[in-house]
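Working notes for the structure below.
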Amino acid sequence: MHSHHSAKGLVSDLRPVEPVTLVRPHAARRAARYFVENFPGKSLYAVKANPSPDLLAILWDSGITHYDVASIAEVRLVARTLPEATLCFMHPVKAEEAVHEAYFKYGVRTFSLDTLDELDKIVRATGGAQDLNLCVRLRVSSDLAQLSLAAKFGAEADEVKELLMATRQAADALGICFHVGSQAMSPHAYVQALERVRAAIVEASVTVDIIDVGGGFPSTYPGMEPPPLADYFAAIDRTYEDLPISYSAELWCEPGRALCAEYSSLIVRVEKRRGDELYINDGAYGALFDAAHVGWRFPVELLREAEGEEQAFSFYGPTCDDLDHMAGPFYLPADVKAGDYIEIGMLGAYGCAMRTKFNGFGSDVGYTVSDEPMASLYLGDQRPAQGATVTALFPAG
Ligand SMILES: *Cc1c(COP(=O)(O)O)cnc(C)c1O
C-alpha cells in the first residue's frame with residue numbers, strides 16, 4: 001500500500017497522470033459529530049451532495065441515522081449500503097412507481113410534496129397507507145443563499161392552506177419543510193423561512209408534527225466565509241421554540257454541503273499555460289461543474305515550493321469544449337507552469353458527485369489522507385500541515 005506524508009509527497013512519488021481524489025474521513029466524521037451533538041433536532045444527510053458509499057458509512061458510524069434521498073436509485077443505494085438507515089424521500093416530484101417501490105420494498109414512510117396532485121400520487125402509490133409522514137414543502141426566498149432553490153419547488157402562499165389541510169387528512173405525521181437555497185450566508189435565511197411556516201400554520205390551523213428546515217448550511221470557500229454554524233443553530237432553535245406546534249413536534253434539518261464539503265479535494269496537473277490561463281486535467285465535466293457553471297471559487301494550492309508573488313489565474317478543463325472553463329479567479333504563484341500539480345480543495349460536496357466521463361476524461365483514482373482540509377468550518381481557519389499521512393484507497397490499476 002502506498003503511503004505518503006502529504007499531497008506534495010504523493011505527487012513527487014507518483015507523478016500522477018490522471019486527476020487524483022483525496023478523501024479525508026476524519027473531516028466528514030468531525031462534521032457529522034458536530035451536527036449530531038449541536039443541532040437542536042435530527043440531522044438527515046442529503047445524499048445528492050455526495051453519494052459515495054464510503055462517505056455514507058462514515059456518516060452512519062458518526063451517528064447520522066436518517067438520509068434525505070431524492071430518487072429511487074438513491075433509495076436503493078442507501079438501503080444497500082446502510083440497511084438500518086431511515087430513508088426520507090424529500091423530492092417533491094416523484095414517479096408513482098418510485099413511491100410504490102420505496103414504500104413497499106424499502107419501508108420508506110416519509111415523503112415530501114408541494115401539490116395536491118403529488119399528495120394523490122403518494123396516497124395511490126402506497127395503497128392509502130395510514131402510517132405516512134408527509135412534509136409539505138413551502139416556497140421560500142433564496143435571497144440569502146449563493147445558489148437559489150426558490151424557483152422549482154414549493155407551494156405558494158395562496159395554495160398552502162388547502163394543501164396543509166388535505167395533507168393533514170392523509171398523514172399520520174404532518175410536516176412542513178423548505179429549502180432556503182444552498183450555501184446560505186446568513187442565519188436569518190432560516191428565521192425568515194420559519195416566519196413563513198408560522199403564518200402557514202396559523203392560516204390553516206393544523207397540528208404540525210415535524211418542522212424540517214432543509215439544507216443550505218454553508219461551508220467555507222474563498223470570498224464566501226459564513227458566520228459560525230452555532231449562530232445558525234441558535235437562530236433556528238429560538239425561532240422554532242416559538243412556533244405554534246405541539247410540544248411533541250420534532251425539528252429536522254437536511255444538510256448536504258456542510259457535512260461533506262471538507263471530505264474531498266482533488267490533485268490536478270497543469271498541461272499547458274497560456275498567459276494567465278492554466279489548462280488542467282479536470283474540469284466542468286469532472287469535479288468542477290460548479291466552478292464552471294456558477295462561478296464557484298474553490299481554494300487552490302500549488303504542490304511544490306514556490307517563491308514570489310501570487311497572481312490570478314483561470315482554468316480550462318481537459319475536454320474539447322469552450323464551456324469547460326473555470327473563471328476563478330484562482331490565486332497561485334506567478335511561475336506556475338506545465339507539469340505542476342495543484343490541489344483544489346473543498347470538493348466533497350457537489351464536486352466529486354458531478355463527474356462524467358465525457359470526452360474520455362475523468363478518473364477514479366483516489367487516496368485517503370489524514371491532513372486537514374484546505375479550509376474548515378469546524379476548525380477555525382488554520383490548516384495544520386504537520387503529521388499528514390496519505391494511504392492508497394483506490395489507486396489506478
Ligand atoms: C439539495 C438538497 C438538500 C441539501 O442542500 P445543501 O445546500 O447541500 O445543504 C437538502 N434538502 C433538499 C430537499 C435538497 O434538494
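Atom set for the values below is all heavy atoms of this structure, side chains included, hydrogens, waters and symmetry mates excluded. Note that this is a predicted model, so its numbers are computed, not measured.
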Do any N or O atoms from the side chain of [X] and from the backbone of [Y] form a donor-acceptor pair under 3.5 angstrom?
X: E118; Y: K94; value: yes
X: N359; Y: C320; value: yes
X: N281; Y: V17; value: yes
X: Q130; Y: G128; value: yes
X: R198; Y: P244; value: no
X: H100; Y: A95; value: no
X: S142; Y: L149; value: yes
X: S112; Y: C135; value: no
X: E262; Y: L377; value: yes
X: Y341; Y: K8; value: no

Item checked: Aromatic ring pairing H325/Y316, orientation class (parallel under 30°, perpendicular over 60°, tilted between) ->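 Ring orientation, 0 to 90° scale: tilted.
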
Next item on the list: Could you label the plane-to-plane angle of the H91 and F153 rings as parallel, tilted or perpendicular, counting under 30° as parallel and over 60° as perpendicular?
Entry: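 Correct class here is perpendicular.
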
Any heavy-atom pair between the side chains of [Y] and [X] that's under 4.5 Å?
X: F39; Y: P255; value: no
X: P329; Y: R297; value: yes
X: L288; Y: L347; value: yes
X: K105; Y: R76; value: no
X: Y45; Y: L55; value: yes
X: F313; Y: I342; value: no
X: L163; Y: R137; value: no
X: H188; Y: L144; value: yes

Check: Which residue pairs satisfy the salt bridge (Lys or Arg N to Asp or Glu O under 4.0 Å) criterion with at least one member in residues 266-289, sequence neighbours excluded?
Finding: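 Found R269-E271, R274-E277.
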
Note to self: Any donor-acceptor pair under 3.5 Å linking the side-chain atoms of S141 with those of D143?
What the structure shows: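 Their side chains do contain a donor-acceptor pair, which is all the 3.5 Å distance test asks for.
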
Notebook entry, point to check: So, E254 and W252: side-chain donor and acceptor under 3.5 Å apart, yes or no?
Noted result: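 Distance-only check fails for E254 and W252.
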
With a cut-off of 3.5 Å and sequence neighbours excluded, list every side-chain donor-acceptor pair involving residues 57-68.
{"residue": "S62", "atom": "OG", "partner": "I58", "partner atom": "O", "Å": "2.7"}
{"residue": "Y67", "atom": "OH", "partner": "W60", "partner atom": "N", "Å": "3.3"}
{"residue": "Y67", "atom": "OH", "partner": "I64", "partner atom": "O", "Å": "2.7"}

Item checked: Near-ring test Y378/F35, centroid separation under 6.0 angstrom ->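 Between F35 and Y378, the centre distance exceeds or equals 6.0 Å.
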
Notebook entry, point to check: Which atom names give the shortest non-hydrogen contact between F217 and V213, and what distance separates them?
Noted result: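 Taking every non-hydrogen atom into account, CZ-CG2, 4.2 Å.
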
Margin query: For a quick test of reading the model, state the closest non-hydrogen atom pair linking Y263 to A28 and the distance between them.
Written below: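 It is CD1-CB, 3.8 Å.
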
Heavy-atom count check: over 12 atoms from other residues, nucleotides or ligands less than 6.0 Å from [X] [atom1]?
X: M165; atom1: CE; answer: no
X: E96; atom1: CD; answer: yes
X: E307; atom1: CD; answer: no
X: E305; atom1: CD; answer: no

Checklist line | Among D131, T126, N133, side-chain hydrogen bond (donor to acceptor under 3.5 Å, both in side chains) partner for R109 | finding: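 Testing each of D131, T126, N133 against R109, the sole residue satisfying side-chain hydrogen bond (donor to acceptor under 3.5 Å, both in side chains) is D131.
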
Notebook entry, point to check: Residues in salt bridge (Lys or Arg N to Asp or Glu O under 4.0 Å) with E159, at least two apart?
Noted result: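 So E159 forms no salt bridge (Lys or Arg N to Asp or Glu O under 4.0 Å) with any residue.
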
Notebook entry, point to check: Just one of L56, V47, D54 clears the side-chain contact (heavy atoms from CB on, under 4.5 Å) bar with T81, so which one?
Noted result: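 The option that passes is L56.
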
Next item on the list: Check each of D340, L278, I280 against V268 using the side-chain contact (heavy atoms from CB on, under 4.5 Å) test, and report the only one that passes.
Entry: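 The side-chain contact (heavy atoms from CB on, under 4.5 Å) with V268 is passed solely by I280 among D340, L278, I280.
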
Check: For D335 and R304, what are the C-alpha separation, side-chain angles and deciding distance, and is it a salt bridge (charged side-chain N to carboxylate O under 4.0 Å, His left out)?
Finding: CA-CA 11 Å; D335 69 346; R304 66 166 163 82; 3.3 Å; yes

Check: Can you tell me how far CD of Q183 sits from OH of Y350, rounded to the nearest 0.5 angstrom?
Finding: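 If I round to the nearest 0.5 Å, the distance is 10.5 Å.
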
Checklist line | Value rounded to 0.5 Å, distance of CG in L113 from CG in L119 | finding: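 Separation between the atoms: 5.5 Å.
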
Note to self: So that I can tick it off, tell me whether R24 and E343 are bridged by a salt bridge, with the cut-off set at under 4.0 angstrom between side-chain N and carboxylate O.
What the structure shows: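 A salt bridge links E343 with R24.
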
Next item on the list: Identify whether the distance between the nearest side-chain nitrogen and carboxylate oxygen of R30 and E372 falls below 4.0 Å.
Entry: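 Salt bridge present between R30 and E372.
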
Next item on the list: Could you list the residues that satisfy side chain to side chain donor-acceptor pair (under 3.5 Å) with R168, not counting sequence neighbours?
Entry: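 If we apply the side chain to side chain donor-acceptor pair (under 3.5 Å) test to R168, skipping adjacent residues, the hits are D209.
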
Note to self: Can you see whether Y285 has R355 sitting over its ring - NZ or CZ less than 6.0 Å from the centre and within 45° of the normal?
What the structure shows: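 Relative to the ring axis of Y285, which defines the angle, R355 lies outside at least one limit.
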
Notebook entry, point to check: Among pairs that include at least one residue of residues 214-243, which meet side chain to side chain donor-acceptor pair (under 3.5 Å), considering only residues two or more places apart or in two chains?
Noted result: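 For residues 214-243: Y221-R257.
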
Check: Taking only residues two or more places apart in sequence, or in another chain, which ones meet H293 in a ring-ring contact (aromatic ring centres under 6.0 Å, His included)?
Finding: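 H293: ring-ring contact (aromatic ring centres under 6.0 Å, His included) contacts with F289.
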
